[in-house]
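The structure appears below as structure tokens.
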Amino acid sequence: MTSTSSAERAEADGYTPVADNLGAVLASGEPPTHPSAWSASVTFAWRAMLKIKHVPEQLFDVTAFPVIMTLMFTYLFGGALAGSPEEYLQYLLPGVLVMSVAMITMYTGVGLNADIQKGVFDRFRTLPIWRPSALVGAVIGDVCRYSLASVVIIVLGLVLGYRPGGGVLGVLVGIGLLLVFSFAFSWIWTLLGLVLRSERSVMGVSAMVLFPLSFLSNVFVDPRTMPEWLQGFVDVNPIAHLVAAVRGALSGQWDGSATLWMFVSAGIILAIFGPLTMRRYNRK
Amino acid sequence: MQGQSNRSPQCGSYPGTGHPGAGVAKGEAVTVSTAPAIETSGLVKVFGKTRAVDGIDLRVPEAAVYGILGPNGAGKTTFVRMLATLLRPDAGHGTVFGRDIVGDAALVRRQVSLTGQYASIDEDLTGTENLVLLGRLLGHGKSTAKRRSGELLEAFGLTDAADRQVKNYSGGMRRRIDIAASIISTPRLLFLDEPTTGLDPRSRNQVWDIVRIIVEQGTTVLLTTQYLDEADHLAGRIAVIDHGTVIAEGTPGELKSSVGAGSVHVRLRRGEERAQAERVLAAELGTQVHFDADPVALTARISGGESGRGAAEHASRALARLAQDGITVDDFSLGQPSLDEVFLALTDRKETRP
Ligand SMILES: Nc1ncnc2c1ncn2[C@@H]1O[C@H](COP(=O)(O)OP(=O)(O)O)[C@@H](O)[C@H]1O
Ligand SMILES: [Mg+2]
């Protein structure tokens with residue numbers, strides 16, 4: 001059968017289906033037992049990695065964007081807020097780390113919106129697998145992108161003079177907390193990605209949610225300098241808890257209550273937006 | 001009646017009808033089941049004001065190609081998506097091999113595969129990556145998924161394109177990888193939604209051959225198409241749908257004879273008798289007769305229906321008259337009307353209904 005097929009290939013796309021070849025493939029197509037929820041999710045995460053391999057441009061937003069953010073805010077506010085950029089960087093860097101990654105999470109929604117319009121999702125949804133695995137896998141893939149962004153920012157920070165008091169362990173724990181939160185936070189965008197019609201509207205709505213959440217927080221300045229009503233908002237802003245937790249881990253001054261609140265808000269976000277996303281996904 | 005026998009319907013591979021060489025001979029592949037492949041009753045799907053599927057009752061037997069024929073916007077894709085558990089019906093119900101498409105959706109998904117109207121394959125990934133990805137999702141280990149992918153690419157003539165991104169494939173190659181992806185695990189029921197729309201004739205023939213091989217192996221295929229000749233060539237039974245409802249159902253032959261028209265094609269021994277033959281046939285059949293390009297042949301339409309007589313009866317009377325008048329007929333065949341005519345007749349009838 002090798003000889004027939006190589007002869008066929010000699011002619012440009014002169015393919016003729018051969019009953020014996022195709023029949024043999026069909027006869028040996030016993031379905032295996034379907035994969036576990038975890039294994040299906042990991043396979044979808046692998047798909048996300050393959051997509052990065054073929055469309056590496058999508059790494060631009062996890063590398064260039066954090067670099068610009070870090071440089072911009074360090075030199076823009078550094079002199080005015082802390083006397084010098086180096087001093088301010090000690091306060092700012094954990095905040096900018098969180099802010100950049102939080103901003104990048106919105107690409108999860110944008111990407112999903114584009115992806116899900118394509119026919120391949122019809123196929124995924126007819127497979128006998130745990131249905132959320134396509135989305136869980138996509139988000140796991142995105143978490144890999146978030147870790148890349150985190151590394152970029154930390155390295156840049158070190159170059160600019162940032163010195164984390166928590167050492168290597170503190171940095172790893174800080175990034176870990178950030179990734180856990182981002183995983184949960186991404187489900188807001190998966191829902192938006194499924195509800196909204198176009199990539200552009202996903203982008204618009206995401207930015208509208210993200211800007212107040214990240215600016216009206218402790219990313220740039222100590223909330224004690226803010227008017228009371230604003231402090232009230234910062235107190236319930238999950239991003240603010242996350243920043244406090246990450247800042248604590250990086251500096252070596254552990255903030256237990258912020259860390260707890262961060263986990264609680266991540267849990268609440270996941271518990272609300274995970275099922276809503278799945279409901280939407282099942283109906284699409 | 002050679003004319004009829006040269007169109008062998010593709011339903012010859014029903015298990016049990018003993019079609020020699022059909023794949024169902026491989027004992028373990030035969031699953032004797034009392035439930036039909038698909039059964040729907042009163043299936044409805046509404047999008048806003050559009051009743052995309054408006055009460056479809058259908059019964060699709062196992063191990064054959066069943067054609068859903070209808071123009072663009074008839075509701076074919078919506079119907080298929082409901083059966084493939086992608087859309088929830090608004091009313092009515094349906095089963096696939098006896099399993100409810102809503103209540104037992106997970107069990108249905110284990111038996112079906114869908115090749116959507118729009119490529120259901122990831123364009124950014126290569127052929128191999130797509131098939132390995134889906135193989136893994138079906139539950140294969142890494143090495144089995146790779147081996148299976150290689151076998152499928154080989155059988156579909158895509159080995160050379162294995163490592164190219166699917167977005168660089170030609171239309172025909174895309175269709176093939178899409179179908180290959182649907183049979184990584186051989187499904188019991190395969191949905192092919194307009195598998196040849198937009199393909200050149202050569203690629204279309206390749207897809208037809210693939211469909212024939214798949215059904216020979218015992219898989220039931222539900223095929224939607226806008227092309228009348230496609231349904232005619234591939235399907236054992238056809239449902240014609242328009243505006244979300246079934247307007248006719250049956251074998252291609254039944255659909256044609258329900259319209260009651262056909263034609264008789266006659267080859268004479270002596271060309272000089274053609275004018276006389278024309279007069280005889282016109283008088284006997286009361287229809288138009290025209291000369292073929294072949295100088296000794298002519299074709300007469302048969303108006304069936306009203307008299308209750310079949311086309312064959314009309315034709316044999318006409319032939320008997322030719323013999324009585326001393327005209328020697330070397331060969332004749334009875335042609336059926338094209339599905340195009342059938343379709344027009346059916347939709348006309350529907351539109352003139354109050
Ligand atoms: N998701 C949808 N939202 C709104 N209308 C739809 C949707 N899908 C299909 N329709 C409408 O339903 C009708 C049937 O469409 P479809 O099932 O795609 O037909 P076909 O596949 O036969 O061309 C069309 O009028 C189409 O515009
Ligand atoms: Mg369609």
Side-chain angles (χ1 to χ4, degrees), chain A residues 1-2 4-6 8-9 11-36 39-44 46-47 50-55 58 115 117-131 133-134 137 282-284, chain B residues 23 26 29 81 84-86 88 106 109-110 112-126 129-130 133-134 136-141 144 148 151-152 154-160 165 170 172-173 176 181-187 202-203 206 209-210 212-214 216-217 219:
Chain A
M1 82 189 192
T2 353
T4 33
S5 27
S6 50
E8 282 157 21
R9 261 184 253 125
E11 197 188 333
D13 199 24
Y15 163 70
T16 322
V18 180
D20 288 348
N21 297 2
L22 200 47
V25 173
L26 283 158
S28 61
E30 253 329 91
T33 49
H34 50 277
S36 67
S39 139
S41 304
V42 169
T43 306
F44 277 110
W46 176 62
R47 169 173 181 262
L50 287 175
K51 288 251 193 208
I52 293 176
K53 185 180 100 186
H54 289 294
V55 194
Q58 55 179 304
D115 209 14
Q117 310 282 355
K118 296 180 186 150
V120 69
F121 263 80
D122 273 0
R123 193 183 284 288
F124 294 152
R125 293 192 308 140
T126 50
L127 291 174
I129 49 174
W130 183 58
R131 273 217 169 173
S133 58
N282 284 335
R283 276 219 230 125
K284 194 104 182 175
Chain B
K26 294 183 184 73
R81 286 171 59 87
T85 76
L86 289 171
R88 237 179 135 82
R109 277 178 220 133
R110 252 173 246 179
V112 305
S113 228
L114 167 75
T115 301
Q117 180 171 2
Y118 310 102
S120 21
I121 208 89
D122 198 322
E123 304 246 305
D124 289 329
L125 305 191
T126 67
E129 285 166 350
N130 266 294
L133 174 76
L134 290 164
R136 303 273 296 155
L137 290 173
L138 286 163
H140 286 298
T144 320
R148 188 87 188 135
E151 289 166 3
L152 282 160
E154 170 80 33
F156 282 86
L158 293 168
T159 306
D160 289 347
Q165 281 175 281
S170 70
M173 289 160 76
R176 265 141 59 197
S182 295
I183 61 168
I184 295 174
S185 284
T186 309
R202 188 213 210 104
S203 307
Q206 293 169 345
D209 287 345
I210 291 169
R212 289 193 184 107
I213 296 170
I214 290 176
E216 261 172 32
Q217 293 289 323
T219 292

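Every chain is numbered from 1, with letters handed out A, B, ... down the list of sequences.
- Residues Phe121(A) and Leu86(B) form no side-chain contact, since every pair of their non-hydrogen atoms from C-beta on lies 4.5 Å or further apart.
- Thr144(B) does not touch chain A: none of its heavy atoms, backbone or side chain, sits under 4.5 Å away.
- Ranked by heavy-atom pairs shorter than 4.5 Å toward chain B, the options Thr43(A), Thr33(A), Asp115(A), Val42(A) are led by Thr43(A).
- Ranking Asp209(B), Thr126(B), Thr219(B), Leu152(B) against chain A, the residue ahead of the rest is Asp209(B), based on heavy-atom pairs under 4.5 Å.
- Of all the heavy atoms in Ala40(A) and Leu137(B), the pair that sits closest is O-CD2, 3.9 Å.
- Looking at heavy atoms from C-beta onward, Lys51(A) lies out of side-chain contact with Glu129(B) at the 4.5 angstrom threshold.
- Looking only at side-chain heavy atoms (C-beta outward), Phe156(B) and Leu22(A) come within less than 4.5 Å of each other.
- For Gln165(B), the part sitting under 4.5 Å from any heavy atom of chain A is the side chain, from C-beta outward, and nothing else.
- In this structure the side chain of Leu125(B) reaches within 4.5 angstrom of the side chain of His54(A), judged on heavy atoms.
- For the pair Gly139(B) and Pro32(A), the tightest heavy-atom approach, listed with the atom from each and the gap, is C-CG, 3.7 Å.
- Of the listed residues (Asn130(B), Thr115(B), Leu138(B)), the one with the most heavy-atom contacts under 4.5 Å to chain A is Leu138(B).
- Interface remark: Ile214(B) contributes backbone and side-chain atoms alike to the contact with chain A (heavy atom separation under 4.5 Å).
- Residue Leu127(A) touches chain B through both its backbone and its side chain, counting heavy-atom pairs closer than 4.5 Å.
- Note on Pro187(B), Gly116(B), Gly141(B), Ser182(B): by heavy-atom pairs under 4.5 Å with chain A, the leading option is Ser182(B).
- Side-chain atoms of Arg109(B) and Ile129(A), non-hydrogen and from C-beta on, never get closer than 4.5 Å to each other.
- Between chain A and the options Ser120(B), Ala181(B), Ala106(B), the largest number of non-hydrogen pairs under 4.5 Å is found for Ser120(B).
- Arg148(B) contributes a side-chain N or O that, together with a main-chain N or O of Val25(A), makes up a donor-acceptor pair within less than 3.5 Å.
- The closest side-chain heavy-atom distance from Leu158(B) to Tyr15(A) is not below 4.5 Å.
- For Ser39(A), no part lies near chain B; criterion is any non-hydrogen pair under 4.5 Å.
- Taking 4.5 Å as the limit, every side-chain heavy atom of Pro31(A) sits out of range of all side-chain heavy atoms of Ile184(B).
- Side-chain contact between Tyr118(B) and Asp122(A): absent, with no pair of heavy atoms (C-beta onward) separated by less than 4.5 Å.
- Put simply, CG on Leu134(B) and CZ on Phe124(A) are 6.0 Å apart, with the number rounded to the nearest 0.5 Å.
- Residues Pro35(A) and Arg136(B) approach most closely at CG-O, 4.0 Å, considering heavy atoms.
- There is no contact between Arg88(B) and chain A, counting heavy-atom distances below 4.5 Å.
- Between Asp122(B) and the options Arg123(A), Lys118(A), Arg47(A), a salt bridge (charged side-chain N to carboxylate O under 4.0 Å, His left out) holds for only Arg47(A).
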